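None of these values were measured; they are calculated from a predicted model. Just follow the structure's listing: the first ligand is 1, and inside any ligand the first atom is 1.
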Amino acid sequence: AAKLSPEKLLCQLRDRVNVTMIQGSDGPFDTSEWQEYLPGKSLNETVGRLGRCAVVSSAGSLKSSHLGQEIDSHDAILRFNGAPVKGFQEDVGQKTTIRLVNSQLVTVEEQQFLREALYNTGILIVWDPAPYHAEIHEWYRKPDYNFFESYKSYRSTHPEQPFYILNPKMQWQLWDILQENSLEHIQPNPPSSGMLGIMIMMTLCDEVDVYEFLPSKRQTDICHYYQKFHDRACTMGAYHPLLFEKNLVKHINQGTDEDIYTHGKVTLPGFRNVHC
Ligand code: NCC
């Protein structure tokens with residue numbers, strides 16, 4: 001159903017989706033208080049130039065995949081929310097370079113977020129659903145979840161760990177491209193953490209392997225590889241336009257259908273290797 005060729009679609013993603021983190025010079029964050037909390041270094045400076053990267057979805061189909069070694073062979077690995085590695089290394093690997101968390105987790109599950117050792121590894125990035133194409137000031141006044149205090153608490157107790165706030169403008173730049181390339185009308189909710197994480201890694205890396213975002217032969221109704229909870233909406237989407245995200249990723253996949261079937265693996269080029 002996609003209207004653009006994969007090459008053109010990659011160019012649109014590269015040129016129209018601005019993946020940036022909130023900086024101390026941005027709008028309402030340009031106060032002396034916020035300068036103490038926001039990381040001094042940019043994400044680019046923190047990670048350096050990355051080669052082969054892996055994005056590990058939290059899907060139940062990772063269970064019994066034995067993909068751990070393959071995943072760990074990458075230069076950098078991105079994981080989501082509370083997805084653990086301890087006890088699941090065989091299937092999901094043990095390295096974590098970046099963990100992308102949603103603002104709901106940071107506020108509603110604040111106590112766990114502030115206490116659990118799981119979050120103390122690697123670079124943290126938090127994102128919050130902003131109103132459609134809202135300006136940063138408007139979002140700051142009315143975030144979906146008011147995670148700012150929890151962010152500050154975390155920064156105070158873990159000042160050495162890089163922890164970024166994703167600039168919300170990218171969600172809707174990406175959503176617009178999803179909508180333009182779908183025949184159906186998409187509900188106006190921001191893309192899932194999975195899709196946002198893929199865009200972040202395409203910005204930082206030469207090449208990105210994504211695991212079990214497009215489900216393999218192990219596809220299951222079990223929501224997460226780390227829980228015994230069944231819900232088809234986890235794979236197909238309810239709030240997030242997950243099905244449309246998956247169609248788009250399938251369209252730009254540079255790997256084989258066999259790799260999707262056996263490993264749930266999709267291979268995408270980093271944006272610096274996309275020539276338009
Ligand atoms: O479940 P969640 O997502 O943390 O999963 C991370 C990303 O993995 C991909 N995924 C997950 C399960 C599955 N069966 N198939 C998949 O493809 C998706 O791309 C997903 O984004 C989120 O996107 O932030 C989400 O977060 C959870 C929840 O808030 C966190 O896990 C923290 O507890 C949401 N669940 C609920 O609110 C109940 C989920 O809707 C989206």
**Request:** Flag the pair D209 and R52 as a salt bridge only when some basic side-chain nitrogen lies within less than 4.0 angstrom of an acidic carboxylate oxygen.
**Result:**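 Between R52 and D209 there is a salt bridge, with a charged N closer than 4.0 Å to a carboxylate O.
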**Item:** Residues E33 and K152 bridged, charged N to O under 4.0 Å
**Value:**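 Yes, this pair counts.
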**Request:** Quick one: do F88 and Y225 satisfy ring pair (Phe, Tyr, Trp, His ring centres under 6.0 Å)? Show the steps, please.
**Result:** CA-CA 8 Å; F88 302 93; Y225 67 80; 5.5 Å; yes
**Request:** Anything with a heavy atom under 4.0 Å from ligand 1 counts, so go ahead and list those protein residues by chain and number.
**Result:**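 Residues S57, S58, A59, F80, N81, N102, Q104, L105, E109, S192, S193, G194, F213, C223, H224, C234, T235, H240, L242, K246 each place a heavy atom under 4.0 Å from ligand 1, listed by chain and number.
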**Asked** Can you list every pair that meets salt bridge (Lys or Arg N to Asp or Glu O under 4.0 Å) and has a residue in residues 61-75, with sequence neighbours left out?
**Response**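 Qualifying pairs, neighbours excluded: E70-K265.
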**Message:** Considering only residues two or more places apart or on different chains, which pairs with a residue in residues 174-209 satisfy ring-ring contact (aromatic ring centres under 6.0 Å, His included)?
**Reply:**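 Only Y132-W175, W172-W175 qualify under ring-ring contact (aromatic ring centres under 6.0 Å, His included).
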**Request:** Report the residues that fulfil side chain to side chain donor-acceptor pair (under 3.5 Å) with T46, sequence neighbours left out, ordered by chain and then residue number.
**Result:**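 Partners of T46 by the side chain to side chain donor-acceptor pair (under 3.5 Å) criterion, ordered by chain and then number, come out as Y164.
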